[in-house]
Amino acid sequence: MSPRNKEQFKEIRDQRQQELRRSAIQMFSQKGFAAAKISDITSNAKLSHGLFYHYFTSKEELYIEVIRDILYDFIDLVEEAARFEMTALGKMEWLTEATHSGSIREGVYRHILVLQALYSDHLNELVKQEIVSLYKEAVDGISSIIKTGQEEGQFIEGDPEELATYHLALAHGLLLWNARTENPVELSTDKVLRQLKKTGDGGVCL
């Protein structure tokens, strides 16, 4: 096989694997791990059942890998925001917009899948600990930005981790609401961050 053909083959292989991963996120979030079948995933991706085993040894392996992908992507976003040369408020504004970019439906699938994994009873303890650790790494990154914002006088006082949790709960809630209504709420970064921002008198923006 020529180098060009090898490169084309790898590109097709990588594309098919990504199609399986995207399909898995949708099927696992809609049906749950137990009910989702490999045939559901391959059919939804419009790929043959046998092709699945060229990339993954089992349904559980794929399940764990897509959850890792989601969490690593989230951690990367948080770390990218933290590296920007701007105020903590600017970093949180960028992160909020980046988190809500793309398809609402895909965002919901990812959110549901992570929640399922955090409270699953079919994953072994080591895997569950890894998932919890990855999620906490993302929360810790947001907490660090919030702490800096408090030191800069932009954010309200309080435990940074607790405030990061409130922020994520609001962002995730908005995502779920928009997925279930015919009249989605247009994302307003200012409103999402209002609970964090300090007013001139030291209170919370309303």
Side-chain angles (χ1 to χ4, degrees), residues 1-80 94-124 126-128 130-135 137-138 168 171-187:
M1 185 181 293
S2 68
R4 179 181 177 85
N5 286 339
K6 283 182 179 179
E7 186 175 320
Q8 290 173 334
F9 176 77
K10 182 179 184 301
E11 183 177 336
I12 292 171
R13 179 180 173 85
D14 291 345
Q15 180 182 348
R16 287 175 174 172
Q17 186 179 90
Q18 289 307 311
E19 288 170 355
L20 285 171
R21 289 173 183 265
R22 284 193 295 269
S23 178
I25 290 173
Q26 180 180 348
M27 291 295 100
F28 286 138
S29 66
Q30 288 181 337
K31 297 188 173 186
F33 174 79
K37 301 176 182 176
I38 291 176
S39 58
D40 293 327
I41 296 168
T42 55
S43 177
N44 185 54
K46 297 180 173 56
L47 296 171
S48 68
H49 185 90
L51 191 64
F52 178 93
Y53 295 101
H54 284 274
Y55 305 103
F56 307 101
T57 59
S58 66
K59 183 176 74 170
E60 182 175 0
E61 180 190 15
L62 174 56
Y63 182 74
I64 294 170
E65 284 202 19
V66 294
I67 293 168
R68 283 177 178 145
D69 285 347
I70 292 169
L71 291 173
Y72 279 126
D73 285 346
F74 188 33
I75 291 169
D76 287 345
L77 276 179
V78 174
E79 290 179 345
E80 185 174 356
W94 181 89
L95 181 60
T96 301
E97 291 176 359
T99 302
H100 286 268
S101 65
S103 163
I104 291 175
R105 184 67 59 183
E106 288 184 5
V108 171
Y109 291 152
R110 288 169 173 264
H111 174 60
I112 292 174
L113 191 54
V114 170
L115 287 181
Q116 286 178 357
L118 288 171
Y119 299 99
S120 68
D121 56 3
H122 56 268
L123 295 176
N124 67 57
L126 284 178
V127 171
K128 285 203 288 189
E130 178 189 4
I131 292 170
V132 170
S133 177
L134 288 173
Y135 189 78
E137 184 176 344
L168 288 172
H172 292 328
L174 179 61
L175 186 66
L176 290 173
W177 170 265
N178 281 347
R180 299 175 186 275
T181 180
E182 295 180 358
N183 300 301
V185 177
E186 184 176 352
L187 172 67

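- Scanning for salt bridge (charged side-chain N to carboxylate O under 4.0 Å, His left out) contacts around R68 gives E130, with sequence neighbours left out.
- Put simply, the residue from D69, I41, I70, L20 that forms a side chain to side chain contact (heavy atoms under 4.5 Å, CB included) with I25 is I70.
- Scored by the salt bridge (charged side-chain N to carboxylate O under 4.0 Å, His left out) test, D76 finds no partners at all (sequence neighbours excluded).
- With sequence neighbours excluded, no residue forms a salt bridge (charged side-chain N to carboxylate O under 4.0 Å, His left out) with E19.
- Separating the CD atom in E137 from the CG atom in L71 is a distance of 9.5 Å, to the nearest 0.5 Å.
- Side-chain contact between R110 and L113 is absent, with no heavy-atom pair separated by less than 4.5 Å.
- Every residue two or more places apart in sequence or in another chain was checked for a side chain to side chain contact (heavy atoms under 4.5 Å, CB included) with Y119, and none qualifies.
- For the atom pair CD1 (I131) and CG (L126), the distance works out to 11.5 Å, reported to the nearest 0.5 Å.
- Qualifying side chain to side chain donor-acceptor pair (under 3.5 Å) partners for E97, counting only residues two or more places apart in sequence or in other chains: T189.
- Under the rule for a side chain to side chain contact (heavy atoms under 4.5 Å, CB included), S43 has no partner lying at least two apart in sequence or in another chain.
- Residues satisfying the side chain to side chain donor-acceptor pair (under 3.5 Å) criterion with D73, sequence neighbours excluded, are absent altogether.
- Here OG1 of T42 is found 9.0 Å from CG of L51. Values are rounded to the nearest 0.5 Å.
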Check step by step if side-chain contact (heavy atoms from CB on, under 4.5 Å) holds for V114 and F74. CA-CA 11 Å; V114 170; F74 188 33; over 6 Å; no

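- Residues satisfying the salt bridge (charged side-chain N to carboxylate O under 4.0 Å, His left out) test with K37, not counting sequence neighbours, are none.
- To the nearest 0.5 Å, atoms CZ (R16) and CG (L47) are separated by 6.5 Å.
- The nearest pair of heavy atoms linking S23 to A45 is OG-N, 3.6 Å.
- For S29, the side chain to side chain contact (heavy atoms under 4.5 Å, CB included) criterion is met by Y109, I112, not counting sequence neighbours.
- Separating the CG atom in D40 from the CE atom in M27 is a distance of 6.5 Å, to the nearest 0.5 Å.
- Y55 places none of its side-chain heavy atoms less than 4.5 Å from the side chain of R21.
- Looking at residues two or more places apart in sequence or on another chain, you find no ring pair (Phe, Tyr, Trp, His ring centres under 6.0 Å) involving Y135.
- When the ring pair (Phe, Tyr, Trp, His ring centres under 6.0 Å) test is applied to Y63, the partners found at least two apart in sequence or on another chain are F28, F33, H122.
- Residues passing the side chain to side chain contact (heavy atoms under 4.5 Å, CB included) test with E61, sequence neighbours excluded: F56, T57, S58, E65.
- Put simply, the side chain of Y53 reaches to within 4.5 Å of the side chain of I38, judged on heavy atoms.
- Once rounded to the nearest 0.5 Å, the distance linking CD of Q116 with CG of L123 reads 10.5 Å.
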